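Single-structure report; data block below.
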Amino acid sequence: MSAPCGEKHGQVALSPRRNRQLTRTLKLLVLLNGNGLSLEQIADKLKVTTRTIRRDLDALQEAHIPVRKWLNDSYTRDKSMWSVRWSGR
């Protein structure tokens, strides 16, 4: 009997698109870990649009990752800054 579509020897194969999304999401978590960045800064670092970053942030929040939005005191184009704050930090 052959393996189900997308699986090979018990491993699930990710599509190239899904792999890019997962890689970007992990990079996003690393960027936001304790750091406050604007949507524009994040999009620039990850080489995607701010719309993509908004979707990624929404997905992280739906997964109960403690993504926080706060206002920056300095004068930036987008005063909203984003970070991840894990418990105990």
Side-chain angles (χ1 to χ4, degrees):
M1 184 161 121
S2 65
C5 182
E7 290 187 24
K8 184 176 182 179
H9 304 292
Q11 296 178 344
V12 176
L14 294 175
S15 69
R17 179 176 171 260
R18 189 68 181 131
N19 193 25
R20 284 192 306 274
Q21 289 173 333
L22 179 59
T23 300
R24 186 181 64 244
T25 302
L26 291 173
K27 287 180 180 179
L28 178 58
L29 279 173
V30 170
L31 278 175
L32 295 181
N33 191 25
N35 298 312
L37 297 171
S38 70
L39 288 175
E40 288 82 7
Q41 290 171 319
I42 299 165
D44 186 54
K45 289 179 184 292
L46 297 179
K47 311 244 184 297
V48 295
T49 65
T50 56
R51 183 177 176 186
T52 297
I53 297 303
R54 286 182 191 277
R55 283 193 300 257
D56 290 348
L57 289 168
D58 287 344
L60 289 173
Q61 288 173 325
E62 286 178 22
H64 303 285
I65 303 295
V67 176
R68 301 287 179 248
K69 180 179 178 181
W70 48 280
L71 294 178
N72 186 11
D73 291 334
S74 69
Y75 293 97
T76 59
R77 240 172 58 213
D78 179 5
K79 293 184 181 181
S80 298
M81 304 297 277
W82 294 85
S83 64
V84 174
R85 299 287 180 184
W86 302 102
S87 296
R89 290 189 104 187

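Just so you know, these numbers come straight off a predicted model, no measurement behind them.
- Put simply, the side chain of L39 reaches to within 4.5 Å of the side chain of R54, judged on heavy atoms.
- Of all heavy-atom pairs spanning L60 and T25, the tightest one is CD2-CG2, 3.6 Å.
- A distance of 12.5 Å separates NZ in K27 from NZ in K45, rounded to the nearest 0.5 Å.
- Counting only N and O atoms by type, the side chains of W82 and S38 include no donor and acceptor under 3.5 Å apart.
- Note that CZ of R85 and CD1 of I65 are 15.0 Å apart. Values are rounded to the nearest 0.5 Å.
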Verdict with reasoning, L29 to N33, per side-chain contact (heavy atoms from CB on, under 4.5 Å): CA-CA 6 Å; L29 279 173; N33 191 25; over 6 Å; no

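- When only modelled atom types and interatomic distance are considered, R24 and Q21 share no side-chain donor-acceptor pair under 3.5 Å.
- To the nearest 0.5 Å, the span separating CG on L46 from CG on D56 amounts to 8.0 Å.
- When every heavy atom of L31 is checked against every heavy atom of L37, the shortest pair comes out as O-CD1, 3.9 Å.
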Apply side chain to side chain donor-acceptor pair (under 3.5 Å) to the pair S80 and W70, showing each step before the final yes or no. CA-CA 6 Å; S80 298; W70 48 280; over 6 Å; no

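- Shown here for V67 and Q61, the closest heavy-atom pair between the two residues is O-NE2, 3.6 Å.
- For the pair L32 and I42, the minimum side-chain heavy-atom distance is below 4.5 Å.
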Given M81 and R68, is the side-chain contact (heavy atoms from CB on, under 4.5 Å) satisfied, shown in steps? CA-CA 8 Å; M81 304 297 277; R68 301 287 179 248; over 6 Å; no

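- Rounded to the nearest 0.5 angstrom, D44 CG and T49 OG1 are separated by 12.5 Å.
- Side-chain contact between T52 and R55 is present, with heavy atoms from C-beta onward closer than 4.5 Å.
- Between V84 and P66, the closest side-chain pair of non-hydrogen atoms falls below 4.5 Å.
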